[in-house]
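Worksheet: one structure, shown below.
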2 protein chains.
Amino acid sequence: MTTQQQFYKSLKTLLDKMQLLDQAEMQTKLADFKPAEVHTIQYIGQHIGANVTAIAAGMYVTRGAVSKMTKRLIRRELIEKYQSAENKKEVYFRLTAAGQKVYEQHEAMDRQHDKRDQVVFDSADPKQIAGTLQFLQAYNDHLDHELQRTKQGD
Amino acid sequence: MTTQQQFYKSLKTLLDKMQLLDQAEMQTKLADFKPAEVHTIQYIGQHIGANVTAIAAGMYVTRGAVSKMTKRLIRRELIEKYQSAENKKEVYFRLTAAGQKVYEQHEAMDRQHDKRDQVVFDSADPKQIAGTLQFLQAYNDHLDHELQRTKQGD
DNA sequence: CATATTTTGTTTCTTTGTCAACAAAATTAA
DNA sequence: TTAATTTTGTTGACAAAGAAACAAAATATG
C-alpha cells in the first residue's frame, strides 16, 4: 500500500469511527431528533443568515436536500425562515428558542467529544499536530484548486 | 476554534471534496454503475471470501445494506455467492469476470487520483507526512479503544 | 428598456442506507 | 444430548440525500 492509500484509508476509517461513536451518543441524548436534523441545526446556528444555496455548499449536499430538511425543521418549529426586502428570491434561516436549545445540547456533546479525544492531542508531539494540520490544509487547498479546475474545464 | 475542532473540520471537508471529485469522474467513466455498487465491488475484490457480516464491518454499514447490495450485484452478474461445506450459515462472495473488469477500471481511477494528488505529497516534507500518518494511526487506535469500551460499557 | 440568461428554491423520483423483526444455523450451557 | 442463546443473513418500512425538471426572481446583455 502506498503512503497515499494509507493516508486515505486512515482518514476514512477515522471519520467512520467518529461517526459511529457520535451517533450512538446522539441516539441517547438527542433521541427526539434525527442526526441530519441536528447537523442542519448546528450549521444554521453557526451560520446565521445563510440561504439555502450557502448551506448546501457549506454542508456539501444539494440544495434539494437543504430545502427538504429546512422545511421539516420549520414544521417542527426548530428554525424559522425569513426573507429580505432587497431580495425576494433568497431564503434565510434562524434558530427558534427550541432550536437554540438543541443547538446548545449538541455543542455540549461536541465539547464532550473533544474531552474524550483530548488524550490523543495531549500525548502527541505539538510539532506533529501542527504538521498534521498544515498538511491537511495543503491537501485541502490542492483539492479546492482541482474542484475549481473541473468546474471550468468541463 | 480549538486545534481539535480545526482538525476535525479539515478532515471532514477534505473527504467531502475527494468524494465530490471522485463522484464526478465515476459518472463519466463508470456511468453504468452506481457509486455504491462500485464501492462494494471494490471491497469484495480486495477481500475475497468475506461474508456479509465481515463486509458490513469493513465498510461501516449494516448487514442489511450489504445483503441488499450483494443481491443486486448478483442479479447484475457482477459477483457470485458461494457457501462452504463446514458452515451452511455464512455466505461468501467473489467477483465474476464482468465484476473483475469493473474492479480494475475502478482501480485505474484510484491510481489516477493518486497521480492527481501526488503533488501534495511531493511538495510536503517527508517527515511531516510520516508524522501525519503516525498521528492518524494514534487517533484511530484511540477510537478503537473507545468503541471497544462503549460496546462493553452499555 | 426589453429580452435572454443565470440563480435560487422546490418538488418528484430514484438510490442508498438504517432499524427491527424474523428464520435458519451455530454455539453455549444445563 | 437437549435446550437456550447467539450469530448470520434477509426482508419490509422508513429516512435521507442526489439528480433532474421546473417556476420565480435576479442579473446580464443587446
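It should be emphasised that the depicted structure is a prediction, and the values quoted were computed from it without experimental measurement. Throughout, a chain's letter reflects where its sequence line sits, starting with A, and its residues are numbered from 1.
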N/O donor-acceptor pair under 3.5 Å between A/Ser10 side chain and B/Gln137 backbone: no

Value in whole Å for how far the P atom of C/dG17 lies from CG of B/Leu73: 11 Å

Aromatic contact, B/Phe121 with A/Tyr139 (centres under 6.0 Å): yes

Distance in angstrom units between A/Gln19 CD and C/dG17 P, rounded: 12 Å

OP1 or OP2 of D/dT8 under 4.0 Å from side-chain N/O of B/Asn87: no

OP1 or OP2 of D/dT10 under 4.0 Å from side-chain N/O of B/Lys81: yes

Ion pair check, B/Glu37 and B/Arg76, cut-off under 4.0 Å: yes

Whole-Å gap separating P (C/dT10) and NZ (A/Lys88): 16 Å

Integer-rounded Å distance: D/dG9 P and B/Ile79 CD1: 13 Å

Quiz item: B/Lys34 side-chain donor-acceptor pair to C/dT15 base, under 3.5 Å: no

Under-4.0 Å side-chain N/O to phosphate OP1/OP2 contact, B/Gln23 with D/dG18: no

Heavy-atom closest contact (B/Thr70 atom, B/Ile44 atom, distance): CG2-CD1, 4.4 Å

Phosphate OP1/OP2 of C/dT18 contacted by B/Thr62 side-chain N/O (<4.0 Å): yes

Sugar-phosphate only, base, or nothing, as touched by A/Tyr60 at under 4.0 Å among non-hydrogen atoms: sugar-phosphate

Sugar-phosphate, base or nothing in reach of B/Ala65, heavy atoms under 4.0 Å: base

Interatomic distance, B/Gln83 CD vs C/dA24 P [rounded to whole Å]: 14 Å

Pair A/Phe135 and A/Phe7, ring centroids less than 6.0 Å apart: yes

DNA chain D: 5'-proximal contact among A/Glu86 and A/Arg63 (nearest heavy atom): A/Arg63

Under-4.0 Å side-chain N/O to phosphate OP1/OP2 contact, A/Ser67 with C/dG9: no

A/Lys71 vs B/Glu90, nearer the 5' end of DNA chain C by closest nucleotide: A/Lys71

Nearest-angstrom distance from the residue atom CG of A/Asn51 to P of C/dT6: 20 Å

Residue B/Pro35, side-chain heavy atoms: nucleotide from D/dG9, D/dA25, C/dT16 that is nearest: C/dT16

Of the listed nucleotides C/dG9, D/dA17, C/dT18, the one nearest the side chain of A/Met69: D/dA17

Sugar-phosphate only, base, or nothing, as touched by A/Glu37 at under 4.0 Å among non-hydrogen atoms: nothing

Heavy-atom donor-acceptor pair, B/Lys68 side-chain to D/dG12 base, under 3.5 Å: yes

From D/dT7, C/dG9, D/dA25, nucleotide with atom closest to B/Lys89 side chain: D/dT7

Value in whole Å for how far the P atom of D/dG18 lies from NE2 of B/His39: 17 Å

Residue whose closest nucleotide on DNA chain C lies nearer the 5' end, A/Gln27 versus B/Phe33: B/Phe33

Value in whole Å for how far the C1' atom of C/dT18 lies from CE of B/Met59: 15 Å

Basic-acidic side-chain contact under 4.0 Å: B/Arg116, B/Asp22: yes

Under 4.0 angstrom between A/Arg72 side-chain N/O and D/dA16 OP1 or OP2: yes

